[in-house]
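For reference, the structure is listed below as structure tokens.
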Amino acid sequence: MPLSALKARVDHELETFVRRETALLEAVDPELKPFGEQLRAIVGHGKRLRAAFCYWGWRAAGRADGDDVVRAAAGVELVHAAAVVHDDLIDRSALRHGVPTAHRALTPPRNRLTRGSGRGATGRALALLAGDLLISWSGQLFTDCGLPSAYLNRARPLWATLARELVAGECLEVLRSGPGPAVATDPEGSLKIVRYKTAKYTVEHPLHIGALLGGAPPALREVFSAYGVPLGEAFQLRDDLLGVFGAPDSTGKSNLDDLGGAKPTVLLALMRRAATDAEQQEIQVLLGRRDEIGPEDLDRFRAIAERTGARRGVEALITARAAAATDALAAGERAGLLPAHAAEALHHLARHCLTRAS
């Protein structure tokens, strides 16, 4: 099935589910209508890659297509939607998909009286609650997808692993962000954040959930780990490069976010490893400016990334991980573990992840 066709089906399932749930939410009180509108907007965006990996984990296990497994896969997308809301809140990001992030969109108008510490605090509190509700919805949609309970029970324990590792990666990023010279000097430490914050829940865990739903043998799940972890890391490394060098019109996000937040990316770690003393001091100043970061600062940061070879270093890491993922699929095919149609779809998904511009 083409990715576009699968995406349309996942979009339909998510729209149907979220429209029903927000109607029930808004029925509590008319004042909740903007909150419901924002939830529909949050879920309305996405490439649906995680759902696609879940779906093809199921199909690779020899299972047939069906709306029930598409609904189960859509539940994984709601985990991503929640993570995005919380991540934007932590990072104080202003834009996502070219529109205001949830905490910005939920900030009351200036002419609206607000309690507490002001309009911004209200928007942040509402966004936090939106992310929490999306997490709850993910489990609800998965459980109510229509697959037999015996199938769901095979995959249910992995949801705890997914949540634990996602939160662990996010915590590590929060703890290691900042302008201090001792932060983000170790590429391996930065890669650990990549692995747990994004890579596993983007590719490996969705594949395993689909495979477990379908009753796949352990050997196939091992293939999915050998494919999914490096591909997920390559996906996030590409995202980190786009965050600095991409065009906001394409990415839908500001390319000042990682710099302004002093994020411990692999790019930054490689820069600091190779920078001259003067460049180290300049990086330190740039990372400490937070809300005062401007286009000139970004240009200088990019120049240091190029001169130190950090950008090339990240590209090399992406290339190596892409090759590892491809080799893992090929090995799975040779061993007779992976049906040809599933292998073809997973090769296509890998190319889609690695050649994107947004």
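Nothing here was measured: the structure is a model prediction, and the numbers come from that model.
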Rounded to the nearest 0.5 Å, how far does [atom2] of [Y] lie from [atom1] of [X]?
| X | Y | atom1 | atom2 | result |
| --- | --- | --- | --- | --- |
| Leu78 | Leu133 | CG | CG | 9.5 Å |
| Trp56 | Glu344 | CH2 | CD | 8.5 Å |
| Leu241 | Gln236 | CG | CD | 10.0 Å |
| His80 | Ile42 | NE2 | CD1 | 11.5 Å |
| Ile293 | Phe301 | CD1 | CZ | 9.0 Å |
| Leu220 | Leu337 | CG | CG | 6.0 Å |

Over 12 non-hydrogen atoms of neighbours within 6.0 angstrom of NZ in Lys192: no

[X]-[Y] co-clustered via ILVMFWY side chain contacts under 4.5 Å:
| X | Y | value |
| --- | --- | --- |
| Leu147 | Leu14 | yes |
| Leu317 | Val203 | yes |
| Leu166 | Leu212 | yes |
| Leu268 | Leu242 | no |
| Leu25 | Val43 | yes |

Do we get Arg71 above Phe142's six-membered ring, with its NZ or CZ under 6.0 Å from the centre and within 45° of the axis? no

Is the NZ or CZ atom of Arg154 both under 6.0 Å from the centre of the six-membered ring of Tyr151 and within 45° of that ring's axis? yes

Determine, step by step, whether Arg272 and Glu279 satisfy the salt bridge (Lys or Arg N to Asp or Glu O under 4.0 Å) criterion, reporting the C-alpha distance in whole Å, the side-chain angles of both residues, the deciding distance to 0.1 Å, and the verdict. CA-CA 8 Å; Arg272 282 181 146 169; Glu279 288 169 336; over 6 Å; no

Residue pair Phe235, Leu49: steps toward the side chain to side chain contact (heavy atoms under 4.5 Å, CB included) verdict: CA-CA 11 Å; Phe235 175 89; Leu49 291 173; 3.6 Å; yes

Do you know the tightest heavy-atom contact between [X] and [Y]?
| X | Y | result |
| --- | --- | --- |
| Gly75 | Leu141 | N-CD2, 3.7 Å |
| Thr308 | Ile304 | OG1-O, 2.7 Å |
| Leu3 | Ala52 | CD1-CB, 3.8 Å |
| Ala61 | Gly214 | CB-O, 3.8 Å |
| Ala74 | Glu13 | CB-CB, 4.4 Å |

I'd like to check [X] versus [Y] (side-chain heavy atoms, cut-off strictly below 4.5 Å). Are they in contact?
| X | Y | answer |
| --- | --- | --- |
| Thr276 | Arg307 | yes |
| Val167 | Tyr196 | no |
| Leu267 | Val244 | yes |
| Asp88 | Leu95 | no |
| Asn255 | Phe245 | no |
| Arg351 | Thr326 | no |
| Leu349 | Phe53 | yes |
| Leu270 | Val314 | yes |

Is it true that [X] and [Y] make a salt bridge, defined as a side-chain N closer than 4.0 Å to a carboxylate O?
| X | Y | value |
| --- | --- | --- |
| Arg40 | Glu21 | no |
| Asp239 | Lys253 | yes |
| Asp11 | Arg48 | yes |
| Arg195 | Glu233 | yes |
| Lys33 | Glu37 | yes |
| Asp257 | Arg92 | no |

Between Lys263 and Asp91, is the salt bridge (Lys or Arg N to Asp or Glu O under 4.0 Å) condition met? List the steps. CA-CA 9 Å; Lys263 294 297 175 185; Asp91 295 346; 2.5 Å; yes

Donor-acceptor under 3.5 Å ([X] side chain, [Y] main chain):
| X | Y | value |
| --- | --- | --- |
| Ser138 | Ile135 | yes |
| Ser190 | Pro264 | yes |
| Asp297 | Gly294 | yes |
| Glu77 | Arg50 | yes |
| Asp29 | Glu31 | yes |
| Asp186 | Gly189 | yes |
| His208 | Phe224 | no |
| Thr107 | His103 | yes |
| Thr22 | Arg19 | yes |
| Arg356 | Cys353 | yes |

Derivation and outcome, side chain to side chain contact (heavy atoms under 4.5 Å, CB included), residues Lys7 and Lys47: CA-CA 7 Å; Lys7 180 182 182 301; Lys47 301 176 183 67; 5.5 Å; no

Tell me, with the steps shown, if Tyr201 and Thr161 meet side chain to side chain contact (heavy atoms under 4.5 Å, CB included). CA-CA 9 Å; Tyr201 101 91; Thr161 302; over 6 Å; no

Can you tell which of Asn153, Leu152, Leu158 makes a side-chain contact (heavy atoms from CB on, under 4.5 Å) with Leu213? Leu152

If you apply the rule side chain to side chain donor-acceptor pair (under 3.5 Å), what do you find for Asp327 with Tyr227, and how did you get there? CA-CA 8 Å; Asp327 290 347; Tyr227 162 84; over 6 Å; no

Should Arg221 and Glu204 be marked as a salt bridge (Lys or Arg N to Asp or Glu O under 4.0 Å) after you check the CA-CA gap, both sets of side-chain angles, and the distance that decides it? CA-CA 9 Å; Arg221 301 201 300 271; Glu204 183 194 28; over 6 Å; no

Show your working on side chain to side chain contact (heavy atoms under 4.5 Å, CB included) between Lys197 and Leu172 and close with a plain yes or no. CA-CA 8 Å; Lys197 179 174 179 273; Leu172 287 175; over 6 Å; no

Starting from the C-alpha separation in whole Å, work towards a yes-or-no answer on side chain to side chain donor-acceptor pair (under 3.5 Å) for Asp144 and Gln140. CA-CA 6 Å; Asp144 296 341; Gln140 181 183 340; 4.6 Å; no

How are the rings of Trp137 and Phe17 set relative to one another: parallel (under 30°), tilted (30 to 60°) or perpendicular (over 60°)? perpendicular

